S.K.: 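So that we are looking at the same thing, I have put the structure below in structure tokens.
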Amino acid sequence: MFIKFLRIFNDNGEIRNIEFHPGLNLIVDNTPSSSTETGNNVGKTTVLRLIDFCLGKNAKVIYTDPANTKDEHKEVKDFLFDTNVIIELALTNDFTKEDVVIRRNFKKRSEAIREINGIQCREDDFEKELESAILGIRTEKPSFRQIISHNIRYSDQSINNVLKTLNPYTSDAEYETLYLFMFGCQYEEGEVRQEKIEKLKSEVNFKLKLEKAHDKSTYKSLLGLVDAKINELNANKSSLNINPNFESDLEKLNKVKYDINSLTSKLNILNIRKEMIIEAQEAAINLKSEIDLEQLALIYKQAKALIPTLQKTFNDLVTYHNQMVENKIIFITSELPTLEADIKDLRRRLKELLEKEDSLTKKVVKSDTYDDLETIINELNEKFQQKGEYEDIISQIEMVENSISEIQADLRRIDENQFSESFKDGVQKKIDKFNLFFSSISKRLYNEEYAIKVEQIPYKKTNSYIYKFSSFNANLSSGKKMGEISCFDIAYTMFADDMNIPCVHFLLNDKKELMSDNQLIDIAKVVEEENIQFVASILKDKLPEQLQDNSLFIIELSQESKLFKIEN
């Protein structure tokens with residue numbers, strides 16, 4: 001597929017309509033090199049980025065500094081969002097019609113436009129739908145963005161490297177998958193192998209995190225120490241003389257002591273009462289025995305003399321007195337039997353309570369305290385927590401070790417086929433065939449024969465091997481390096497067509513003013529002959545005279561006519 005047009009709209013209407021054609025397409029900066037103004041920030045590289053954006057690149061590439069993605073160009077960002085800029089890219093097979101039309105804006109969530117041929121796509125599905133619409137395939141590994149990475153060269157990484165076109169952190173395993181696909185060396189389990197390599201990498205990293213503090217052997221030793229401590233604490237707990245009814249017995253003991261005090265008090269009162277009765281009885285008896293009969297007789301004679309008719313005899317008087325004393329004694333001592341019975345009962349109850357107190361006191365005093373038990377239980381809980389943590393870590397380490405072993409076994413089985421002599425011969429034959437195109441184009445452009453090579457090298461992360469593809473054309477100047485890259489991209493498109501490998505027919509390039517005039521002229525001829533669309537941004541006054549042709553210019557920019565036409 002080729003690029004047919006790139007259109008830029010916003011709420012005010014169409015901003016740019018850039019029409020493309022077969023062969024060489026130049027994005028020209030009209031700023032003269034002798035001018036005090038520069039050609040920076042007029043938008044020539046942004047044209048390439050907008051195409052890339054329509055092909056699935058993150059929107060930030062348009063309004064952030066490539067050297068520091070946190071540094072945003074506020075004026076551009078505000079313009080894109082506030083005026084609702086929409087980018088429309090049309091791809092074609094033969095320039096007679098638009099076969100794929102992609103529309104995107106810079107809004108997010110429900111306001112986002114992400115259309116392919118008029119159909120809105122979910123963000124997660126967009127790249128897959130692009131791959132299907134543009135290449136007619138669906139692959140998991142490599143991704144669509146990886147497959148077309150060499151077709152879009154404006155970042156420092158892709159401008160300066162022939163094969164290393166992905167981000168700087170891409171693994172050799174990912175590059176292996178990409179270039180086996182690109183050179184038509186796929187095998188049935190290629191995607192599975194890539195997935196397993198990624199899974200293995202993840203599992204190895206996870207194991208390293210698990211063993212950051214200690215390895216599995218150390219954790220097992222620590223677990224052994226914890227188990228020994230738990231056994232010791234359990235033994236200490238078993239040896240404790242803990243009364244399960246301690247609180248109840250203590251409460252009973254306190255109640256018994258209270259009852260003893262109460263009974264003792266009552267008993268003391270009753271004893272005092274008894275003593276008072278006995279004292280009163282003894283006083284009454286003494287009163288009876290100590291009567292003065294002679295004095296009483298003298299009193300009686302005096303009374304008789306005064307009262308001659310007195311009926312009672314002296315003996316009656318004595319008898320009456322003694323009877324009164326006797327009645328008093330009987331009254332005083334009438335309470336004594338009941339009192340003695342109560343005293344006896346209280347003494348019996350007190351004896352029982354004292355015996356109960358002694359029993360309860362022995363039970364409470366001989367018990368270990370619950371504080372002792374609580375201390376042991378707290379320590380046990382802490383040790384069981386440690387035990388659980390160690391067992392969990394050991395279990396996870398063993399699980400990830402088993403997973404690593406299984407993945408490595410699967411990779412060994414897959415590698416038996418991937419690194420068999422027949423497969424290696426097949427890979428080398430494909431590279432040899434590609435090098436025929438590569439050397440032919442480089443011979444024509446530079447009178448040098450460039451080539452790439454493939455090696456089977458050890459891969460530490462999987463303890464196996466991978467195919468490593470590399471260029472061995474060293475010591476090239478920056479201009480020649482860019483020429484080598486262009487030769488590779490052109491040669492690959494020719495190779496892919498010859499091998500019926502899905503590819504796009506457009507090549508996007510930045511900073512082509514670094515190339516020599518002759519190479520630019522020769523590239524223009526080659527891409528026209530080979531039906532390849534070569535899109536390049538360049539300073540106009542750096543173009544050779546033969547390319548100073550308006551028919552080659554798809555857009556001319558300057559400080560007065562920037563891409564988005566944002567006024568300063």
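Predicted, not measured: the structure shown is a model, and the values here were computed from it.
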S.K.: Under the side-chain hydrogen bond (donor to acceptor under 3.5 Å, both in side chains) criterion, do Asn151 and His505 qualify, and how do the steps go?
M.R.: CA-CA 8 Å; Asn151 295 87; His505 279 67; over 6 Å; no
S.K.: Are there over 12 heavy-atom neighbours, none belonging to Glu398, within less than 6.0 Å of that residue's CD?
M.R.: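 Yes, the 6.0 Å shell around CD holds more than 12 heavy atoms from other groups.
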S.K.: If we count only N and O atoms by modelled type, under 3.5 Å, do the side chains of Asp425 and Ser422 hold a donor and an acceptor together?
M.R.: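 No, no side-chain donor-acceptor contact under 3.5 Å.
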S.K.: Assess whether side chain to side chain contact (heavy atoms under 4.5 Å, CB included) is satisfied between Glu140 and Lys128, documenting all intermediate values.
M.R.: CA-CA 9 Å; Glu140 290 298 327; Lys128 289 294 178 190; 3.9 Å; yes
S.K.: Between atom CZ of Phe20 and atom CD1 of Ile18, what is the distance when rounded to the nearest 0.5 Å?
M.R.: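 Output value for this atom pair is 5.5 Å.
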S.K.: Less than 6.0 Å separating the ring centroids of Tyr467 and Phe419?
M.R.: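 Centroid distance Tyr467-Phe419: below 6.0 Å, so yes.
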S.K.: For the pair His150 and Phe488, name the ring-plane relationship: parallel under 30°, tilted 30 to 60°, perpendicular over 60°.
M.R.: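 Perpendicular.
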S.K.: Nearest heavy-atom pair of Lys430 and Gly184: which atoms, and what distance?
M.R.: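 Residues Lys430 and Gly184, closest heavy atoms: NZ-O, 2.6 Å.
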S.K.: Just wondering, do Thr218 and Glu211 contact through their side chains at under 4.5 Å, heavy atoms?
M.R.: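 Result no, sub-4.5 Å side-chain heavy-atom pair not found.
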S.K.: Check whether any side-chain heavy atom of Val85 lies under 4.5 Å from a side-chain heavy atom of Asn105, and answer yes or no.
M.R.: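 SC-SC contact between Val85 and Asn105 ruled out.
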S.K.: For residues Leu50 and Arg104, determine if any side-chain heavy atom of one lies less than 4.5 Å from a side-chain heavy atom of the other.
M.R.: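 Side-chain contact under 4.5 Å: no.
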S.K.: Do Thr493 and Glu530 have side-chain atoms, one donor and one acceptor, less than 3.5 Å apart?
M.R.: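 Result is no, nothing qualifies.
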S.K.: For the side chain of Gln533 and the backbone of Ile3, is there at least one donor-acceptor N/O pair under 3.5 Å apart?
M.R.: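 Yes: the side chain of Gln533 pairs with the backbone of Ile3.
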S.K.: Which pair of non-hydrogen atoms, one from Ile431 and one from Ile452, has the smallest distance, and what is that distance?
M.R.: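 Taking Ile431 first and Ile452 second, the nearest heavy atoms are CG2-O, 3.7 Å.
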S.K.: Could you point out which residue of Arg103, Arg7, Lys4 forms a salt bridge (Lys or Arg N to Asp or Glu O under 4.0 Å) with Glu98?
M.R.: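 Going through the options one by one, the only one that passes is Lys4.
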S.K.: For Lys424, I'd like to know if atom NZ has over 12 heavy atoms of other residues, nucleotides or ligands within 6.0 Å.
M.R.: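 For Lys424, atom NZ is crowded (more than 12 foreign heavy atoms under 6.0 Å).
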S.K.: Between Asn402 and Ser405, is the side-chain hydrogen bond (donor to acceptor under 3.5 Å, both in side chains) condition met? List the steps.
M.R.: CA-CA 5 Å; Asn402 290 336; Ser405 297; 5.4 Å; no
S.K.: State whether Asp172 and Lys164 are salt-bridged, where the test is any N-O pair (Lys NZ or Arg NE/NH1/NH2 against Asp/Glu carboxylate O) under 4.0 Å.
M.R.: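 Looking at Asp172 and Lys164, the cut-off is met.
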S.K.: Could you walk me through whether Thr139 and Glu131 pass side-chain hydrogen bond (donor to acceptor under 3.5 Å, both in side chains), step by step?
M.R.: CA-CA 8 Å; Thr139 62; Glu131 182 179 49; 2.7 Å; yes
S.K.: Between the side chain of Gln120 and the main-chain N/O of Arg114, is any donor-acceptor distance below 3.5 Å?
M.R.: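 Confirmed, Gln120 side chain pairs with Arg114 backbone.
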S.K.: Check whether the ring centres of Phe95 and Phe2 lie less than 6.0 Å apart, and answer yes or no.
M.R.: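 Yes, they do, as the ring centres are separated by less than 6.0 Å.
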S.K.: Nearest 0.5 angstrom please: Ile15 CD1 to Phe9 CZ, how far?
M.R.: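 Interatomic distance, Ile15 CD1 to Phe9 CZ, rounded to 0.5 Å: 9.5 Å.
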S.K.: Salt bridge check: are Glu406 and Lys196 linked by an N-O gap of less than 4.0 Å?
M.R.: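 Lys196 and Glu406: not salt-bridged.
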S.K.: For the aromatic rings, using the six-membered ring if either is Trp, is the centroid distance between Tyr63 and Phe79 under 6.0 Å?
M.R.: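 No, the ring of Tyr63 stays outside the 6.0 Å limit from the ring of Phe79, centre to centre.
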S.K.: Taking it one step at a time, do Tyr450 and Glu448 satisfy side chain to side chain contact (heavy atoms under 4.5 Å, CB included)?
M.R.: CA-CA 6 Å; Tyr450 297 154; Glu448 296 180 15; 3.2 Å; yes
S.K.: Of the options Thr46, Asp52, Leu508, which is the one that meets Tyr154 in a side-chain contact (heavy atoms from CB on, under 4.5 Å)?
M.R.: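 The option that passes is Asp52.
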S.K.: Indicate yes or no: at least one non-hydrogen side-chain atom of Val100 is less than 4.5 angstrom from one of Met1.
M.R.: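 With C-beta onward as the side chain, the pair touches.
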S.K.: In plain terms, say whether Glu127 and Arg138 are close enough for a salt bridge, that is, a side-chain N and a carboxylate O under 4.0 Å apart.
M.R.: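 No, Glu127 and Arg138 are not salt-bridged.
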S.K.: Of the non-hydrogen atoms in Lys216 and Ile394, which two are nearest, and what is the gap between them?
M.R.: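 Smallest interatomic distance, heavy atoms only, reads CG-CG2, 4.4 Å.
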S.K.: Write down the atom of Phe183, the atom of Ile501, and the distance for their closest heavy-atom approach.
M.R.: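 It is C-CD1, 3.9 Å.
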S.K.: With sequence neighbours left out, write down each residue that passes side chain to side chain contact (heavy atoms under 4.5 Å, CB included) with Asp432, or none if nothing qualifies.
M.R.: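 Asp432 satisfies side chain to side chain contact (heavy atoms under 4.5 Å, CB included) with Gln428 only.
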S.K.: How far does CG of Asn518 sit from CG of Asn447, to the nearest 0.5 angstrom?
M.R.: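 So the CG of Asn518 and the CG of Asn447 are separated by 12.0 Å.
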S.K.: Quick check on Glu529: does its CD atom have over 12 non-hydrogen neighbours (other residues, nucleotides or ligands) under 6.0 Å away?
M.R.: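 Enclosed.
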S.K.: Less than 4.5 Å apart, any side-chain heavy atom of Leu520 and any of Pro544?
M.R.: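 Heavy-atom side-chain distance check passes, below 4.5 Å.
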S.K.: What distance do Arg153 atom CZ and Ser486 atom OG have between them, rounded to the nearest 0.5 Å?
M.R.: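 Going from CZ on Arg153 over to OG on Ser486, the span is 8.0 Å.
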S.K.: Are Ile147 and Phe181 packed together at the side-chain level, in the sense that at least one heavy-atom pair is separated by less than 4.5 angstrom?
M.R.: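 Answer yes - side chains close enough.
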S.K.: With distance as the sole test, does Asn161 use its side chain to make a donor-acceptor pair with the main-chain N or O of Leu163 at under 3.5 Å?
M.R.: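 A pair under 3.5 Å: no.
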S.K.: Could you tell me whether the side chain of Thr170 and the main chain of Asn167 form a donor-acceptor pair under 3.5 Å?
M.R.: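 Between the backbone of Asn167 and the side chain of Thr170 there is a qualifying donor-acceptor contact (under 3.5 Å).
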S.K.: Please determine whether the number of non-hydrogen atoms from other residues, nucleotides or ligands lying under 6.0 Å from atom CE of Met399 exceeds 12.
M.R.: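 Count not over threshold, so no.
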S.K.: Are the charged groups of Glu203 and Lys207 less than 4.0 angstrom apart, N to O?
M.R.: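 No, no charged N to carboxylate O under 4.0 Å.
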S.K.: Measuring from Thr165:OG1 to Leu178:CG, what's the distance to the nearest 0.5 Å?
M.R.: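 One gets 6.0 Å once the value is rounded to the nearest 0.5 Å.
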S.K.: Can you tell me which residue among Asp510, Leu6, Val535 is in a side-chain contact (heavy atoms from CB on, under 4.5 Å) with Val47?
M.R.: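 Option passing the side-chain contact (heavy atoms from CB on, under 4.5 Å) with Val47: Leu6.
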S.K.: Closest heavy-atom contact between Ala524 and Leu24?
M.R.: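 Answer, listing the atom of Ala524 first, then Leu24: CB-CD2, 3.6 Å.
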S.K.: Please find the pair of heavy atoms, one from Glu72 and one from Thr64, that lie closest to each other, and give the distance.
M.R.: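 Of all heavy-atom pairs spanning Glu72 and Thr64, the closest is CG-CG2, 3.8 Å.
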S.K.: Do Phe106 and Phe53 have ring centroids that are under 6.0 Å from one another?
M.R.: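 Phe53 vs Phe106: aromatic centres under 6.0 Å.
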S.K.: Can you find a pair of side-chain heavy atoms, one from Phe553 and one from Gln548, that are under 4.5 Å apart?
M.R.: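 Phe553 vs Gln548: side chains touch.
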S.K.: Any luck finding a side-chain donor-acceptor pair between Lys201 and Asn205 under 3.5 Å?
M.R.: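 No, no side-chain donor-acceptor contact under 3.5 Å.
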S.K.: Would you confirm whether Ser149, through its side chain, and Gln146, through its main-chain N or O, come within 3.5 Å as a donor-acceptor pair?
M.R.: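 Answer holds: yes.
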S.K.: Does Ser439 form a side-chain hydrogen bond (donor to acceptor under 3.5 Å, both in side chains) with Ser442? I'd like the steps, not just the answer.
M.R.: CA-CA 5 Å; Ser439 61; Ser442 60; 5.7 Å; no
S.K.: Taking C-beta and beyond as the side chain, do Phe506 and Leu91 meet within less than 4.5 Å on heavy atoms?
M.R.: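 Phe506 reaches Leu91 side chain to side chain.
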S.K.: Is a donor on one side and an acceptor on the other found under 3.5 Å between the side chain of Asp99 and the backbone of Asn93?
M.R.: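 Looks like yes, one N/O pair under 3.5 Å.
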S.K.: Hey, is Lys468 close enough to Glu176 for a salt bridge, meaning N to O under 4.0 Å?
M.R.: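 Here Lys468 does not pair with Glu176 in a salt bridge, since their nearest N and O are not under 4.0 Å apart.
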S.K.: Do Phe434 and Phe495 have their ring centres less than 6.0 Å from each other?
M.R.: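 Centroid distance Phe434-Phe495: below 6.0 Å, so yes.
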S.K.: Taking Ser155's backbone N and O only, do any of them form a donor-acceptor pair with Ser158's side chain (distance below 3.5 Å, no angle check)?
M.R.: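 Side chain of Ser158 to backbone of Ser155: a pair is present.
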S.K.: So, Asn25 side chain and Gly23 main chain: donor-acceptor pair closer than 3.5 Å or not?
M.R.: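 Yes: the side chain of Asn25 pairs with the backbone of Gly23.
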